[in-house]
Structures are given as structure tokens and as C-alpha cells.
Amino acid sequence: MNMGKAKKLMGMLLCCALVGTMLAGCGSEKDQPAPATEKKANLRVGVLANLNASEKKLNEILQKIEEEAGDKAVTPNTYIYYDNLNSMQMGLSSKSIDAMSTYQSVADYLMARHSEFTLSNYPVHLKDAFCCAVRKDDTALQQAINTALDSMKADGTLDRLTKEYITELKKGEEPPKVEINRIEGADTLKVAVTGDLPPIDLILSDGSPAGFNTAVLAEMSKRMGKNIEIISVESAARSSTLTSKRADVIFWAIAPTGNDPRPADIDIPTGAVLTHPYFQDDIVHVDLKK
Amino acid sequence: MELLELLNRIFIQDGAWLTILKGIWATVQISALSLFFGTALGALVCFCRLKGRKIVRFLAVSYIAILRGSPVLMLLMLFYYGVFSGIDLSPITVAVFAFSIHTSAHVAELLRASFMALDRGQIEAARTLGFSKVQAFRLVTLPQLSRIAKPVYQSTIVNLIQWTSVVGYVTITDLTRVINNIASRTMQPMITIIVGMLIYLSMSYAVYGLFALWDWTHRKKGAGCHADD
């Protein structure tokens with residue numbers, strides 16, 4: 001071996017040793033335990049973005065809720081907003097967030113399919129109410145939907161559907177297919193669904209919309225005497241779909257009235273009014289098993 | 001074995017593969033129609049940009065600048081939920097319109113760049129030799145133009161296929177939307193996205209393959225002509 005080659009080889013070995021030392025150094029520093037006096041590190045929590053409430057406003061509200069919950073040893077969480085459940089789930093799997101905030105029913109559906117996820121012991125502070133949104137000038141439709149939902153609530157249909165499509169859904173199974181029968185000569189309502197919140201809203205393998213929302217729609221169709229045409233749209237475009245009259249009804253989740261710390265109108269789409277809620281669900285935190 | 005079972009459960013069972021095929025068809029349909037109309041319109045805009053009067057040139061330049069600088073998702077939503085919201089046009093028609101005009105701006109610029117790269121002397125020589133304007137264009141300009149423009153045009157087609165992945169925002173169930181729906185239903189986003197990406201990759205390589213086949217056929221024809229000589 002000549003002198004030049006030997007120098008090159010030596011240089012490469014030194015570089016490798018330097019890089020190795022740096023990486024090992026980084027690792028050992030990270031592994032050191034935090035000083036006892038330091039506050040517990042805050043969590044990075046994934047949250048589905050609300051479409052009409054700003055992240056700043058939501059951060060303020062969520063941090064206020066945590067303060068009021070009284071765990072002073074924990075610094076406020078950092079909230080990271082996601083467009084859909086898929087990206088939030090990938091965020092959690094890749095550990096770019098420490099927990100994801102979602103509905104109890106969605107968390108159960110997820111955990112039935114993935115053993116690596118678990119419910120965190122984070123206390124339940126919030127719940128959301130699910131309702132329909134129609135255009136502001138469509139008060140007759142709002143009234144008709146409210147009447148149908150009220151009667152479904154009164155005769156126990158909503159409870160039955162909740163059991164069948166959400167709470168008593170067998171572990172690992174998908175909600176059954178929903179048949180919406182056609183009513184000859186009746187008007188058609190266009191309803192936009194997103195399909196990205198199973199088991200409440202999903203698209204089956206054959207491409208047909210299904211889940212609790214679709215089951216509620218099928219029942220509403222019977223009671224209102226209207227045909228339902230379901231169109232599938234990205235979650236972020238729901239509001240535009242409604243206001244541009246591409247759809248007559250969309251599904252929406254809101255803060256329930258009562259003791260909820262969030263203002264009731266925090267996320268109501270502009271130009272839309274909401275119907276009575278037909279379902280409520282707790283917001284829980286899911287994280288990776290340790 | 002487990003992976004195969006998982007793939008079967010996600011992508012094959014209960015007709016899932018048929019839904020994926022329908023999504024691919026929607027993507028191919030929008031891409032092919034937009035490419036056809038976009039190329040025709042792009043050639044026209046390029047002509048206006050190069051040969052038009054001052055005002056026409058200005059309009060062509062503005063058209064290209066506005067459309068090339070606008071994100072295609074914004075354009076799509078603007079047309080579907082704004083400009084055409086009162087007209088009963090299907091979402092696919094609006095998508096084809098939006099992608100066609102967006103593609104036309106890119107095609108106009110790539111044609112202009114190709115024209116500028118041409119050797120003007122050859123056209124002048126052809127005209128001196130008695131070729132008409134049309135003959136000079138067909139026999140001298142066009143073959144060279146297509147050769148220069150081809151690599152960038154291939155990329156434009158591949159870009160167009162990828163741009164169509166946002167049509168879920170205007171209620172169209174294309175390949176991306178089908179993939180997202182499957183990911184949500186099965187709660188297996190990573191593997192679903194990888195397979196979706198592989199399908200898009202195959203479509204892109206099918207485009208490159210078609211161009212390679214075109215080249216190969218032409219080379220063969222050319223070699224045949226030389227052999228006859």
C-alpha cells in the first residue's frame with residue numbers, strides 16, 4: 001500500500017470514529033434522567049383540526065382546561081393539529097406526537113385493530129355532540145331533520161343504532177352495510193360524508209358509505225319521506241360543499257351546551273345552522289403502549 | 001405469510017380491488033382528458049404568445065403567469081365551489097376544466113422554450129428551397145420541436161397525474177381518495193399509502209414506458225428507411 005492510500009484510509013477511519021463518538025454522545029445525554037426538581041415534560045398531543053376555530057383560540061381553551069383540572073406539576077401540553085385521523089395515527093406510530101386526542105368510539109375501533117395502542121389515563125374533560133348542518137336559509141330542512149331526530153330519540157331508534165353501529169360492534173368487525181331504500185317520486189337530499197371517522201363515518205371495501213351516520217341517514221330518509229344521495233368529500237371541504245349548494249346536509253361535531261368549557265359557537269360553519277345533536281362521545285387520549 | 005394475509009384483507013377482500021380499480025379509472029380519465037385539452041389549449045396559447053399582436057401577447061403572458069403561479073387545488077376549489085357552483089356541471093367536468101387550463105399554461109411555456117431552442121437557419125433554408133410555411137413547419141420544425149419538448153412533456157404528464165390526487169376535495173373518488181378511505185376503514189394508513197404510492201409510480205412508469213416504446217418504434221422505422229436506401 002502506498003503512502004497516499006494509507007493516509008486516505010486513516011482519514012476515513014478517523015471520520016467514522018468521530019461520527020460514532022458524536023452519535024454515542026447524543027444518545028447518552030438523552031438517556032440521562034431529568035433532574036427531580038424539573039417539571040414533567042409537556043406532551044405533544046395530536047388533535048383533529050377544527051375547521052372554523054383558529055389553532056390559537058383552541059390552544060388557549062385547551063390549556064385553560066388543563067389548568068383548571070389542577071395538575072400543576074405538568075406543563076401545558078403542546079397541541080399539534082391534523083387534517084385527518086390517518087395522518088394523526090401515523091404521527092403517533094412514528095412518535096412525532098405522544099398521544100392523540102379522539103373520540104372514545106374511534107379509539108375503541110383503533111385499539112381493536114392495533115394492540116400497540118392504549119387509552120391513556122388522561123382524565124376525560126371534553127365531549128363532542130354530533131349533529132347535521134344545513135344552510136342558514138334552509139330552515140324548513142333544519143326543522144324537518146330536527147323533527148325526525150327527535151322522534152328517533154323518543155322511540156329509542158337512536159339508542160338502538162348507537163348500540164348496533166358503535167357500542168356493541170364486535171371487536172375487529174366493521175359496521176354492517178346500510179341500505180337506503182329509494183322512495184319513488186320523492187325529493188332527493190344530497191348529503192356529504194367524509195368516511196374518515198370509523199365507526200361513525202366510513203367507506204366500506206365496495207366503496208359504499210357506511211357507519212353510524214349513514215344508518216341515521218337511512219332512518220331519517222324514511223321519516224322525512226325523502227331520498228338520500230350520499231356524496232363523499234374531504235373533511236376540509238365539507239363547509240364549502242354545503243355553502244356552494246353542492247350538498248344540502250353535512251355532518252358536524254360541536255361542543256355540547258351545558259358545562260362544556262368551550263363556547264358553543266366555537267366551530268359553527270359560516271352560513272350554516274345546526275340541527276339537534278343525535279349522539280355524544282367522550283374525547284379521550286390514545287397513546288402507544290410503553 | 002402474515003403480510004400476505006394483511007394485504008389480502010386490505011386490498012382484495014370484499015371487492016376492495018374493484019374499488020381501487022374504479023379509483024384508478026377516475027384518475028386516468030381526468031388525467032387523459034386534461035392532457036388532451038391542456039395540450040391543445042397550450043399550443044394555442046403558445047402561438048398567441050409568440051405570434052400574436054401586442055395585446056394578445058400580453059393576454060397570453062398574463063394567462064400563463066396566473067395559472068402557473070396558482071396552486072391547482074385552489075383553482076379546483078375556486079371553480080367547483082365558486083365560479084361553476086350555480087351551474088349543473090359534474091365534478092369530473094369541472095376537474096377536467098381546471099386541470100386542462102393549468103396544464104395548458106405549463107405546455108405553452110414548454111413549447112415556447114422548445115421553439116426558442118430550434119435552429120432558425122434550418123427553417124429559413126427550407127423556405128429558400130421552396131417549402132411552403134406549412135411544409136416547413138410539418139417537415140422541419142415539428143420533428144425537432146417534438147424531440148426537444150418530449151422529456152419535459154413526459155414530466156408534465158407525470159406531474160398532472162400526481163396533481164389529480166386532490167380531486168377528493170370536489171367530491172370525486174379517485175385513487176388517492178380510495179386509498180384514504182381504505183386507510184381509515186382498516187386503520188392501516190402506512191401500508192395503504194405505500195401501496196397507493198406504488199400504483200402512482202406504476203402509472204408514471206407506464207407513461208415513461210409509452211414514450212420509450214414510441215422512441216423505439218421510430219428508431220426502428222428510421223433504421224428501416226436507411227436500410228431501404
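Below, read A as the first sequence line, B as the second, and so on, with proteins coming before strands; counting in each chain starts at 1. Worth knowing before you read on, the calculation uses all heavy atoms, side chains too, and leaves out hydrogens, waters and symmetry mates.
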Counting a contact as any heavy-atom pair under 4.5 Å apart, which residues of [range] contact chain A?
range	answer
residues 184-195 of chain B	B:S184, B:R185, B:T186, B:M187, B:Q188, B:P189, B:M190, B:I193
residues 147-158 of chain B	none
residues 76-85 of chain B	B:M77, B:Y80, B:Y81, B:F84, B:S85
residues 29-60 of chain B	none

**Report entry** Sidechain N-carboxylate O distance under 4.0 Å for A:D108, A:K171
**Finding:** no
**Report entry** Electrostatic pair A:K190:A:D248 at N-O distance under 4.0 angstrom
**Finding:** no
Requested in this report: Report the option among A:R238, A:E234, A:R113, A:R246 that has the most heavy-atom pairs separated by less than 4.5 Å from atoms of chain B.
Outcome: A:R246
Report summary line: Scored by heavy-atom pairs under 4.5 Å with chain B, the best of A:D201, A:L85, A:N84, A:L204 is A:L204
So how far is it from [X] [atom1] to [Y] [atom2], rounded to the nearest 0.5 Å?
X	Y	atom1	atom2	value
A:D196	B:N181	CG	CG	8.0 Å
B:M203	B:I24	CE	CD1	6.5 Å
B:F97	B:H102	CZ	NE2	13.0 Å
A:R182	A:N227	CZ	CG	4.0 Å
A:S221	A:L217	OG	CG	8.5 Å

Report task. Identify which one of A:L110, A:I97, A:V45 satisfies the side chain to side chain contact (heavy atoms under 4.5 Å, CB included) criterion when paired with A:L92. Result -> A:I97
Report summary line: side chain to side chain contact (heavy atoms under 4.5 Å, CB included) with B:I92: of B:V94, B:L89, B:V96, only one passes, and it is B:V96
Looking only at atom types and distance, does a side-chain atom of [X] sit under 3.5 Å from a main-chain N or O of [Y], one as donor and one as acceptor?
X	Y	answer
A:N213	A:F251	no
A:R135	A:A247	yes
B:R177	B:Y169	no
A:T275	A:C131	no
A:Q142	A:L274	yes
A:N77	A:L43	yes

Query raised in the report: Just wondering, more than 12 heavy atoms not from B:F211 lying within 6.0 Å of its CZ?
Result: yes
Query raised in the report: Does any heavy atom of chain A fall under 4.5 Å from the side chain of B:T173, the backbone, both, or neither of them?
Result: side chain
Query raised in the report: Quick one: what part of B:I179 sits under 4.5 Å from any heavy atom of chain A, side chain, backbone, both or neither?
Result: neither
Requested in this report: Give a yes-or-no answer on whether the side chains of A:Y165 and A:T214 include a donor-acceptor pair shorter than 3.5 Å.
Outcome: no
**Report entry** Donor-acceptor side-chain pairing of B:S104 and B:Y63 below 3.5 angstrom
**Finding:** yes
Report task. Applying salt bridge (Lys or Arg N to Asp or Glu O under 4.0 Å), run through A:D98 and A:R44 and close with a yes or a no. Result -> CA-CA 5 Å; A:D98 303 304; A:R44 294 160 302 166; 3.0 Å; yes
Requested in this report: Determine, stepwise, if the pair B:Y200 / B:S165 fulfils side chain to side chain contact (heavy atoms under 4.5 Å, CB included).
Outcome: CA-CA 10 Å; B:Y200 272 106; B:S165 63; 3.7 Å; yes
Report task. Measure distances from A:I231 to the heavy atoms of chain B and classify the residue's part below 4.5 Å as side chain, backbone, both or neither. Result -> side chain
Query raised in the report: Is chain B contacted by the side chain of A:L202, its backbone, both, or neither, given a heavy-atom distance below 4.5 Å?
Result: side chain
Report summary line: Ranking B:N180, B:L18, B:I172 by heavy-atom pairs under 4.5 Å to chain A gives rank one to B:N180
Requested in this report: Against chain A, work out which of B:I10, B:V167, B:D14 has the most heavy-atom pairs shorter than 4.5 Å and name it.
Outcome: B:D14
